[in-house]
Amino acid sequence: MADKKIILVTGGTGLVGNGIKAAMEKEGKREDEEWHFVSSKDADLQNLASTEAMFEKFKPTHVIHLAALVGGLYRNLKYNLDFFRINSQINDNVLSTAHKYKVKKVVSCLSTCIFPDKTTYPIDETMVHNGPPHDSNFGYSFSKRMIDVQNKGYHLQHGCNFTSVIPTNVFGPHDNFNLEDGHVLPGLIRKVFDAQASGNPFVIWGTGSPRRQFIYSLDLGRLFIWVMREYNEVTPIILSVGEEDEISIKEAADLVVEAVGFKGEVVQDTTKSDGQFKKTASNAKLRKYLPDFKFTPIKQAIKETCDWYAANTDKVRK
Amino acid sequence: MSDKKVILVTGGTGLVGRGIRAAVEREGPREGEQWHFVSSQDGDLRDRDATEALFDKIRPTHVIHLAALVGGLFRNLKYNLDIYRINSQINENVISTSHKYNVQKVVSCLSTCIFPDKTTYPIDESMIHNGPPHDSAFGYSYSKRMIDVQNKGYHMQHGRTYTSVIASNVFGPYDNFNPENGHVLPGLIRKAFDAKADGNPFVIWGTGSPRRQFIYSLDLGRLFLWILREYNDVTPIILAADEESEISIKEAADLVVNAVGFKGEVIQDTSKPDGPLKKTTSNAKLRRLLPDFQFTPIKQAIQETCDWYAANPDKVRK
């Protein structure tokens with residue numbers, strides 16, 4: 001029988017952590033895998049001693065490292081320094097402690113927002129360091145990029161198998177549904193539910209034309225598990241639906257309206273800016289490895305997320 | 001009268017630190033300026049407590065931060081991780097402790113070797129983050145680049161004037177004259193002195209055609225003084241000689257032969273590779289701010305360096 005894996009998931013109670021948990025439970029527990037989803041309650045990852053104590057307690061063989069200080073546009077702008085320093089500290093603590101405890105693999109989580117601001121499309125894994133990131137979150141972006149730098153360093157110096165994934169536009173249960181600093185799809189879901197409750201129109205900002213690749217947290221979770229078990233490159237891998245599955249903001253809004261059963265007025269506020277028309281990320285590397293992976297159809301994924309939202313009003317982060 | 005300055009120079013006993021010291025001594029002490037050149041013997045900057053103890057003792061108002069783990073090509077290749085982590089720790093300790101102690105200005109020292117490997121010439125200050133650095137020293141390079149990222153962060157979040165300079169091809173007394181991991185000009189000086197002592201030929205590697213802008217450590221020191229006192233931009237500034245002052249490796253070797261009084265055979269070993277023909281760095285930003293700055297003529301600078309070498313065999317790092 002294969003060696004037992006003890007898998008520690010930092011930031012395990014967030015959107016992505018819950019997606020991994022859902023995927024793990026959907027598949028059914030494997031005998032040779034013991035999972036631990038931890039949060040800041042279990043350790044202060046900014047503190048090395050606290051981090052080491054947690055590794056000492058769990059003795060993980062594998063780590064999925066999701067924990068980070070994230071922020072949304074407004075919080076990042078002024079506090080870029082804190083985002084850089086705190087995330088760098090967390091990442092150094094987790095990676096160096098993983099090395100110390102001879103963890104066989106660490107899978108960290110990057111994001112497409114850390115890519116160069118000036119770039120060609122589609123973006124791919126080779127482009128992470130090809131220019132400065134967008135100014136609004138340079139602190140966060142550089143701290144994430146330095147994970148990739150260290151993964152390379154740990155591999156060169158110690159032969160460690162530390163790697164990273166790059167998801168695009170994740171959504172699902174346990175997301176941040178705050179309109180100020182959440183992302184676009186949870187924002188639409190929140191607005192529709194609010195409109196339904198208040199009787200006000202549901203207002204979509206911009207023309208609704210920009211196209212995005214959305215990935216359901218359950219699918220991301222399934223892919224994370226595959227990466228943890230099978231992906232042995234140290235360089236990052238983008239986890240995303242293909243370009244063919246991009247949908248427009250308007251199409252996403254329509255799916256939310258349908259899923260929620262919203263019957264009120266839908267208004268397009270075209271005075272609001274659109275943002276980029278397309279930000280296509282290539283999933284060619286993923287498809288090379290997993291040509292047959294089936295993503296949950298977007299309509300179903302949005303429906304499940306809205307159902308969760310309606311059934312868990314107390315848990316929803318607003 | 002201006003406020004008293006207490007200036008702490010970390011890495012103060014190295015090539016650049018000695019150049020600043022020489023500039024301070026040549027100018028004569030300024031009223032209101034108290035200088036402290038420290039080395040690892042005064043505090044291990046990798047250790048947070050030791051760094052704070054040093055700041056507590058000296059209470060600097062200004063810091064020139066030169067201390068770093070450098071390595072030369074061979075040491076860097078395998079140990080990129082250590083060099084990244086250790087330098088990141090040193091930089092974090094020095095800069096955050098400076099902030100804690102309300103230091104008015106920190107001037108850190110970057111290098112052109114941290115610039116993107118694939119680039120156009122001349123290189124200028126705006127290009128630092130435009131692509132990955134050369135693979136051989138990626139750990140060192142990224143740790144230095146993150147100083148610039150943090151300087152921006154400290155300015156945005158706390159209004160600090162923490163900045164950096166970019167120097168390269170520095171030479172002078174107290175350099176590293178080791179031919180394995182030292183730089184080209186001290187390498188030539190060492191070889192010429194060894195050849196003179198052994199009666200062997202003085203062998204120049206390559207064709208001797210590549211052209212470089214060399215900057216004398218005393219001139220770099222004078223410029224550091226000006227930066228400390230007058231430069232209030234948090235973005236980096238290149239401190240380099242003018243493009244017109246570029247000399248070829250062969251010309252540099254001739255000046256060394258002259259300065260050393262070497263009378264033996266000079267051989268060009270054209271089987272050895274040359275390196276890039278030109279790596280011109282633009283000093284336009286410096287020249288805009290200091291149009292009248294006079295660099296020490298290269299012949300005189302090389303003479304002074306060789307005289308120091310001959311007079312201080314015990315101090316020469318080999």
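Each chain gets a letter, A, B and so on, in the order the sequences are listed, and its residues count up from 1. Side chains included, hydrogens not; waters and symmetry mates left out as well; all remaining heavy atoms used.
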With a 4.5 angstrom heavy-atom cut-off, could you sort out which part of [X] is near chain A: side chain, backbone, both or neither?
{"X": "H155(B)", "value": "neither"}
{"X": "R145(B)", "value": "neither"}
{"X": "Y84(B)", "value": "side chain"}

Atom [atom1] of [X]: over 12 foreign heavy atoms under 6.0 Å:
{"X": "K272(A)", "atom1": "NZ", "value": "yes"}
{"X": "K57(B)", "atom1": "NZ", "value": "no"}
{"X": "H183(B)", "atom1": "NE2", "value": "no"}
{"X": "Q276(A)", "atom1": "CD", "value": "yes"}
{"X": "H183(A)", "atom1": "NE2", "value": "no"}
{"X": "K272(B)", "atom1": "NZ", "value": "yes"}
{"X": "K278(B)", "atom1": "NZ", "value": "yes"}
{"X": "R229(A)", "atom1": "CZ", "value": "yes"}

For this session: With a 4.5 Å heavy-atom cut-off (strictly below), which parts of residues 116-123 of chain B touch chain A? List them by number.
Result: none

[X] [atom1] to [Y] [atom2] distance, which is reported to the nearest 0.5 Å:
{"X": "N80(B)", "Y": "Y154(A)", "atom1": "CG", "atom2": "OH", "result": "13.5 Å"}
{"X": "L81(A)", "Y": "H99(B)", "atom1": "CG", "atom2": "NE2", "result": "7.5 Å"}
{"X": "F138(A)", "Y": "D148(B)", "atom1": "CZ", "atom2": "CG", "result": "9.0 Å"}
{"X": "R85(B)", "Y": "S88(A)", "atom1": "CZ", "atom2": "OG", "result": "12.0 Å"}

For this session: For R287(B), enumerate each residue passing the side-chain contact (heavy atoms from CB on, under 4.5 Å) test, keeping only those at least two apart in sequence or located in another chain.
Result: D242(B), N283(B), F293(B), F295(B)

For this session: Give a yes or no on whether the backbone of R85(A) and the side-chain of E92(B) come within a donor-acceptor separation of less than 3.5 Å.
Result: no

Exercise. Any side-chain heavy-atom pair from Y142(B) and K152(A) closer than 4.5 angstrom?
Worked result: no

Exercise. Going by heavy atoms in the side chains, are I83(B) and Q157(A) under 4.5 Å from each other?
Worked result: no

Exercise. Looking only at heavy atoms, which two atoms of P132(A) and N130(B) are closest? And how far apart?
Worked result: CD-OD1, 3.5 Å

Seminar exercise, completed: Bottom line for H158(A): the part with an atom under 4.5 Å from chain B's heavy atoms is side chain

